Amino acid sequence: MRLEIAYSMYMVLLALTPITAFSFVNQVDDSILIVNEHNLTLSGVNIFKGNITIVNSSNIVIENNNILNSFYFGIFIYNSTNIIISNNIIKNSYYDGISIRNSKYVEIKYNIITNNTNGNGISVWDDSKYININNNKLLYNLYGIFVLSSSNVSIFNNSLSNIYHYGVYLYNSSLTKVPNNSIRNSDVGIEIIMGNLISIQSNAILNNLVGIYIGENIGNLSIIGNLIQDSKYFGVLIYNYPTTFTFKTNTFMNNVLNVFYAYNTTIPKISVSNSTILTTIKQNDNHFAKFPSIISLLLLIMITVFLVYLFLLRRGRR
């Protein structure tokens, strides 16, 4: 009930603030609310069971704070510009550690964001633009970094580990760059659905179920110079082929399958001749696997198990 009331209050606030002229900095319990403020620094604050919310503001610095056990987002930025979020520790938020909505020119750097198990470590959404996310450490979040319907987002030099679903999830994003990140121990290291002009370069994508997932409606996508290692299922899983696709100088190592084309054997095949394949546990069909071959293998196993069962059953009756 408390969460529903809090969420309703935030929605009312967001509906009213665009038409208000007043400004204030207010603290309610352990939460800090900043509305229509400019040129402000919030530093060295310990927040327990509360959060920091910035609305309709500019030139705000949020640094060196501890935010624990928030009932909502740890830090929420709405309709604001020129925001720096730096060197904060954010743990156990009910939803996202940091959420950026409809904002521009935001830099998120050197934060530690952990155990936000009902939400994302960092989310960028609702037509946010010019967002830099760099040198953050994210652990044990539901999603790591989530970008939705936003553009000009750069995600670099971050460490993401033990993310429950997607390390980096890009949905309907454009002009997005993802270089030099370490992503390990997730369901999917990087997932891309819809969008255009996306670059995935020089990342270490290690020990995930799937290294990179390529979904539908992608315009221009480049995947260059990444290390994709120890994927439990597939190094790269292609559901739909991008309109323009650059794929080169990637290194595959110890993936069960390096590249898999899901449910579609007629789409163009990428070439791994310009990539490096070091050691693989299992490879078929010149480093490509087709869905029917997996079905055939499963059927063979099922038939074998059934025959063994019949044999043992007959012996038991004797």
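Model, not experiment: these values are computed from the prediction.
Under the 4.5 Å side-chain contact rule for hydrophobic residues, Ile84 and Ile89 do not share a cluster. No chain of hydrophobic side-chain contacts below 4.5 Å, direct or via other Ile, Leu, Val, Met, Phe, Trp or Tyr residues, connects Phe156 to Ile133.
Of the candidates Asp127, Asp126, Asp96, Arg101 forms a salt bridge (charged side-chain N to carboxylate O under 4.0 Å, His left out) with just one, namely Asp126.
No donor-acceptor distance shorter than 3.5 angstrom exists from the side chain of Asn46 to the backbone of Ile67, with no hydrogens or angles considered. With Asn88 contributing its side chain and Asn65 its backbone, the two residues share a donor-acceptor pair below 3.5 Å. A donor-acceptor distance shorter than 3.5 angstrom exists from the side chain of Ser57 to the backbone of Val55, with no hydrogens or angles considered. Ser80 places no side-chain N or O within donor-acceptor distance of the main-chain N or O of Ile77, the cut-off being under 3.5 Å. In this structure, the side chain of Ser103 engages the main chain of Asn79 through a donor-acceptor pair within 3.5 Å. Without hydrogens or angle criteria, Asn255 side chain to Ser231 main chain gives a donor-acceptor distance under 3.5 Å. Asn208 places a side-chain N or O within 3.5 Å of a backbone atom of Ser186 that can act as its donor or acceptor partner. Under a 3.5 Å cut-off, the side chain of Asn56 and the backbone N or O of Asn36 do not form any donor-acceptor pair.
The hydrophobic cluster around Tyr110 extends to none of the other residues, as no ILVMFWY side-chain heavy atom falls under 4.5 Å of it. Through chains of ILVMFWY side-chain contacts below 4.5 Å, Tyr105 is grouped with Tyr130.
Classified by interplanar angle (parallel below 30°, tilted 30° to 60°, perpendicular above 60°), the ring pair Tyr72/Phe76 is perpendicular. Ring-plane geometry between Tyr143 and His165 is classed as perpendicular, the angle between the planes exceeding 60 degrees on a 0 to 90 degree scale with a lower cut at 30.
With no hydrogens or angles considered, a side-chain donor-acceptor pair links Lys232 and Asn207 at under 3.5 Å. There is no side-chain donor-acceptor pair under 3.5 Å between Glu37 and Asn59. Side-chain contact, Asn181 with Asn203: a donor N or O sits under 3.5 Å from an acceptor N or O.
Taking both residues in full, the closest heavy atoms of Asn226 and Ser202 are given as OD1-N, 3.2 Å, listed atom of the first, atom of the second, then distance.
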Ignoring hydrogens and angles, write down the donor-acceptor pairs under 3.5 Å from the side chains of residues 210-225, residues two or more places apart or on other chains.
none

* To do: Applying side-chain contact (heavy atoms from CB on, under 4.5 Å), run through Lys104 and Asn152 and close with a yes or a no.
  => CA-CA 10 Å; Lys104 295 186 292 187; Asn152 291 280; over 6 Å; no

